[in-house]
Number of protein chains: 2
Amino acid sequence: MSNTNLKQLAAALGLSISSVSKALRDSYEISAETKKRVVEMANRMNYQPNPFASSLRRKKSATIGVVIPEIANNFFALAIDGIQMVAEQKGFHVLTYLTHENNTNEVSTVRHLLGGRVDGVLMSLCRDTQSVDHLTSLQESGIPLVFFDRVPEQMSCPTVTTDDYESGFRATEHLIQSGCKRIACLSLSHYLSISNKRMNGYMDALKKHGLPVENGLIVQCTNDNEYNLSLIKALLKGRKRPDGIFSTVEKLAISVYYVTQEMGLQIPKQLKIISFSNLRTASLLNPSLSTITQPAFEIGVEAAGLLFRMIEKKTFGNRIDKLELKSALIERKSSERINKI
Amino acid sequence: MSNTNLKQLAAALGLSISSVSKALRDSYEISAETKKRVVEMANRMNYQPNPFASSLRRKKSATIGVVIPEIANNFFALAIDGIQMVAEQKGFHVLTYLTHENNTNEVSTVRHLLGGRVDGVLMSLCRDTQSVDHLTSLQESGIPLVFFDRVPEQMSCPTVTTDDYESGFRATEHLIQSGCKRIACLSLSHYLSISNKRMNGYMDALKKHGLPVENGLIVQCTNDNEYNLSLIKALLKGRKRPDGIFSTVEKLAISVYYVTQEMGLQIPKQLKIISFSNLRTASLLNPSLSTITQPAFEIGVEAAGLLFRMIEKKTFGNRIDKLELKSALIERKSSERINKI
DNA sequence: AAAATCAACGAAAACGTTTTTCCTAAATAT
DNA sequence: ATATTTAGGAAAAACGTTTTCGTTGATTTT
C-alpha cells in the first residue's frame with residue numbers, strides 16, 4: 001500500500017485536498033503553475049492514488065473480468081494474450097477466473113462478479129453449462145458482457161466466434177476428398193454450440209457426399225482425459241474402424257495420436273485425422289497434423305474491443321454485435337491422400 | 001454493480017447499518033435470530049458487498065498480482081494454473097500482467113502495483129531486466145513478493161525455482177553419453193539467472209568430460225523469433241557444425257526443429273537435441289523431443305503457497321524461503337545414441 | 001437493594017478519493 | 001464608484017464498508 005495520500009500531499013503543498021486532486025486530474029479550475037507544483041511534489045513523494053477509494057467514489061474499477069474454462073490450453077492462452085493487449089492499451093486491469101469446465105465454478109464466479117468488482121466481463125462457457133440463468137442475471141445487472149468462442153445460444157448477447165459450421169464442413173469434406181469413407185467425429189460436449197455447429201458441418205458434409213451418418217462414429221467425450229482415451233481406443237479397436245477422424249478440439253486429437261502410437265496404427269495410411277488446433281508444433285508432429293486453426297489472438301482482441309465499446313458506451317442502445325471470424329484449414333500429412341500404386 | 005447496499009438492507013430490516021454489517025460478518029454482538037433474519041433478507045435482496053468500500057476500509061484487497069513475461073507459453077500457463085488453484089482456495093482474486101519480455105513494461109507494471117491494488121505479488125522476471133530498483137521498491141513498500149523460476153539474483157527475496165544448474169549439467173552429460181562431441185547451448189538471455197545457471201551446468205559437464213567450451217557454440221538468443229532462426233541457421237550451417245544442442249528454453253528447440261526440417265538435417269543422426277520444455281506433445285514430435293521438464297504447475301502452487309503464508313503473516317519476521325523443486329529429464333529419440341554398425 | 005456485568009444493538013468516525021458547492025479577491029463592466 | 005464576472009482555490013458531501021464506542025435494559029453479583 002502506497003503510504004502517501006492526498007491529505008499528506010496537500011499538507012506538504014499548503015493546498016487543500018480538493019485542489020490537489022483537481023490538479024492531478026488536470027482540471028481547468030487549477031492554474032498551470034499550481035498544477036506543475038503539484039505534479040512535481042506528487043512524484044517526489046511517490047504518490048499513488050488509492051485505487052479503492054477512487055473506484056468507490058467513481059463507481060468504476062478500470063478492471064475487466066475474463067472467465068474461461070482453462071488456461072493451459074493454446075487457444076485460450078492466445079485469446080487471453082489478445083485480451084490483455086487491448087486492456088493494457090485502455091489502462092485496464094485484467095482479472096482472470098478459471099472454471100475448469102465445471103458449471104458450479106462458473107456460477108459462483110459469476111456471483112462474485114455481480115459484486116461489481118469489474119466494469120465488464122469476457123467469457124467463454126464451460127462444457128457442461130446448460131442453464132443460462134447466471135448469465136442473464138449478470139447481463140441484467142448492467143455489466144457489459146461479451147462472449148467469445150463458446151457462446152450461449154439461448155440468450156441474446158454480443159459474441160465473437162468463428163465459422164464453426166463451415167470449418168467442420170470443410171474439414172470433413174477434406175477428409176472425404178482424401179479418400180475417407182468412414183469418418184468419426186470427436187465432440188467435446190453436446191451442450192456447447194461450437195461443438196454442435198462443428199458437428200453439423202461434419203454431418204452435412206457426409207450427406208452431401210452420400211456418406212451415411214452413423215451414431216457410433218460420433219463420440220461424445222468427457223472432461224476426463226483417461227476416459228476419453230478409453231473411448232478413442234474403443235473406437236479404433238472396433239470391428240469397423242473409422243478411416244478418418246474429425247476432432248473438434250485439440251486435446252482429443254493429441255489423445256488420438258497417443259492411442260495410434262500405442263496401437264501401432266499408421267497415420268495417414270490407416271487413419272487420417274484433422275483437428276481444430278492452435279498447436280505451434282502441429283507441423284512438427286509425427287506425422288504433421290492437419291488443423292483448422294482459429295485466429296485465437298484476434299478473437300481475444302475483437303472480443304475485448306467489443307467489450308470496451310460497450311464500457312465506453314460507444315455502442316448505441318440495444319445494438320448487439322455478433323462478430324464471426326474465419327478459421328484457416330491447413331492441410332498437412334495427417335490427412336494426406338495415399339495413392340495406391 | 002450490485003444495486004442493493006447495506007443501507008437499503010438495514011432499512012428493509014429495521015436495523016442499523018452497523019448491526020447488519022456485523023450480522024453478516026457473524027459477530028458475537030448480534031443474536032442468532034437477528035443474524036438469521038439478516039442473512040435471509042440479504043439473500044432475498046441479492047445483496048453483494050461492495051468490494052471497493054470493503055477494501056478501502058479494511059486495507060485488504062483479497063487480490064494477488066501475477067507478473068509474467070508471456071502467457072502463450074506452456075510453462076507459464078501451467079504455473080498460472082497452479083497459482084489460480086491456490087488463490088481460489090483462499091478466496092483471492094488474481095490479476096495478471098504480461099511484460100512481453102520488456103523491462104519497461106515490467107517497471108510500469110510494478111509502479112501500478114505499488115498503488116496498493118493487491119495484497120501480494122508473484123513474479124517471474126523478463127529477459128532483459130538488469131536493474132532491480134523497481135523490485136526492491138516494491139518489496140520495501142511492504143507488499144509480500146515471491147519470485148518463481150526467473151528470479152533476481154541481486155536481491156534477497158523468497159523464491160521458488162528448479163534445479164537449473166543440475167538440470168543443465170545432466171542434460172549436457174546425457175548428450176555427451178549419447179556420443180556428442182560438439183555441443184551448442186542456446187541461451188535465452190545472459191541477464192537471467194536461470195539461463196546462466198543452466199549454462200554453467202552445461203559448461204561444467206563439458207569440462208568434466210574433457211570437452212572444450214567454445215564461445216562460438218554458446219548462442220545468446222533474442223526476443224525476435226526471426227532473428228533467432230537466423231542465428232540457429234548460421235550455427236547449423238557453419239563449417240564446424242555442432243552435433244548436439246542443449247536448449248535452455250522450449251521455443252528455441254522448436255525453432256531448431258523448424259530449421260533442421262528446412263535444411264534436411266536429421267535428428268538424432270546428424271544432430272541431437274534436448275531442451276527445457278513443458279510441451280505436452282514432446283513425445284509426438286518427429287522425432288520425439290528429449291526434455292528437461294519443470295514441475296510448472298507445482299511451481300505455481302508452491303509460489304502461491306509461500307505468498308499466502310506471507311500475506312497471512314504466518315511466516316516469522318525476516319525469514320526468507322528459497323524453495324527448489326526438481327525437474328525431470330526425459331530421454332526421447334531426439335538425443336538417442338546412434339550405434340554405428 | 002445497589003452495583004456490576006452483560007447481551008444486543010445503534011451512532012458515528014474512518015478509509016482516501018472525487019465532485020459539487022461555496023468562497024474570496026481581483027478584474028472587468030456599467 | 002458600484003455591480004458583475006471570473007479566476008483560483010477551499011469546504012464539505014458523497015461513495016459503502018468496517019470498527020470503535022456508546023447506550024440501553026436485563027441479568028447477575030455482592
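Source: prediction; values computed, not measured. Residue numbering restarts at 1 for every chain, and letters A, B, ... go by the order of the sequence lines.
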- Query: Which pairs count as salt bridge (Lys or Arg N to Asp or Glu O under 4.0 Å) when at least one residue sits in residues 30-46 of chain B, sequence neighbours excluded?
  - Reply: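 Applying salt bridge (Lys or Arg N to Asp or Glu O under 4.0 Å) to every pair that reaches into residues 30-46 of chain B, excluding sequence neighbours, yields B:Asp26-B:Lys35.
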Salt bridge (charged side-chain N to carboxylate O under 4.0 Å, His left out) involving B:Glu101 - partner list, sequence neighbours excluded: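 Applying salt bridge (charged side-chain N to carboxylate O under 4.0 Å, His left out) to B:Glu101 gives B:Arg150.
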Apply salt bridge (charged side-chain N to carboxylate O under 4.0 Å, His left out) to B:Asp321 and list each qualifying residue two or more places apart in sequence or on a separate chain.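 B:Asp321 satisfies salt bridge (charged side-chain N to carboxylate O under 4.0 Å, His left out) with B:Arg319 only.
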What residues from residues 30-39 of chain B pass a heavy-atom cutoff of under 4.0 Å to DNA chain D?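 The stretch gives none, as no residue of it lies under 4.0 Å from the strand.
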Query - Pairwise distance OG(A:Ser27) to NZ(A:Lys22) - rounded to 0.5 angstrom - result: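 It comes to 6.0 Å.
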Protein-nucleotide distance ([X], atom [atom1]; [N], atom [atom2]), rounded to Å:
X: B:Phe52; N: D:dT17; atom1: CZ; atom2: P; answer: 12 Å
X: B:Lys7; N: C:dG10; atom1: NZ; atom2: C1'; answer: 15 Å
X: A:Asn50; N: C:dG16; atom1: CG; atom2: C1'; answer: 5 Å
X: B:Tyr28; N: C:dA7; atom1: OH; atom2: P; answer: 9 Å
X: B:Leu56; N: C:dA13; atom1: CG; atom2: P; answer: 17 Å
X: A:Gln8; N: C:dC15; atom1: CD; atom2: C1'; answer: 13 Å

For a quick test of reading the model: is some side-chain N or O of [X] closer than 4.0 Å to OP1 or OP2 of [N]?
X: B:Asn5; N: D:dG16; result: yes
X: B:Lys59; N: C:dA14; result: no
X: A:Lys60; N: D:dC15; result: no

Residues two or more places apart in sequence or in another chain: which of them pass side-chain hydrogen bond (donor to acceptor under 3.5 Å, both in side chains) with [X]?
X: B:Asn74; result: B:Glu250
X: B:Thr34; result: B:Ser31
X: B:Glu312; result: B:Lys90, B:Lys314
X: A:His134; result: A:Glu106

In 5'-to-3' order, the base (B), backbone-only (S) or no-contact (-) status of each nucleotide in nucleotides 18-24 of chain D, using a 4.0 angstrom heavy-atom cut-off, is BBBB---
(request) State, to the nearest 10°, the angle formed by the axis through the first five base pairs of the helix from C:dA1-D:dT30 to C:dT30-D:dA1 and the axis through its last five. (result)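 One end's axis against the other's: 50°.
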Review point. How about B:Tyr97 and A:His93: are their ring centroids closer than 6.0 Å?
Key: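 Yes.
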My understanding is that only residues two or more places apart in sequence, or in another chain, count here; which of them pass ring-ring contact (aromatic ring centres under 6.0 Å, His included) with B:Tyr191?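 Partners of B:Tyr191 by the ring-ring contact (aromatic ring centres under 6.0 Å, His included) criterion come out as none, since no residue qualifies.
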### Query
Can you name the residues that form a side chain to side chain contact (heavy atoms under 4.5 Å, CB included) with A:Arg57, not counting sequence neighbours?
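Once residues adjacent in sequence are excluded, A:Arg57 has no partner under the side chain to side chain contact (heavy atoms under 4.5 Å, CB included) criterion.
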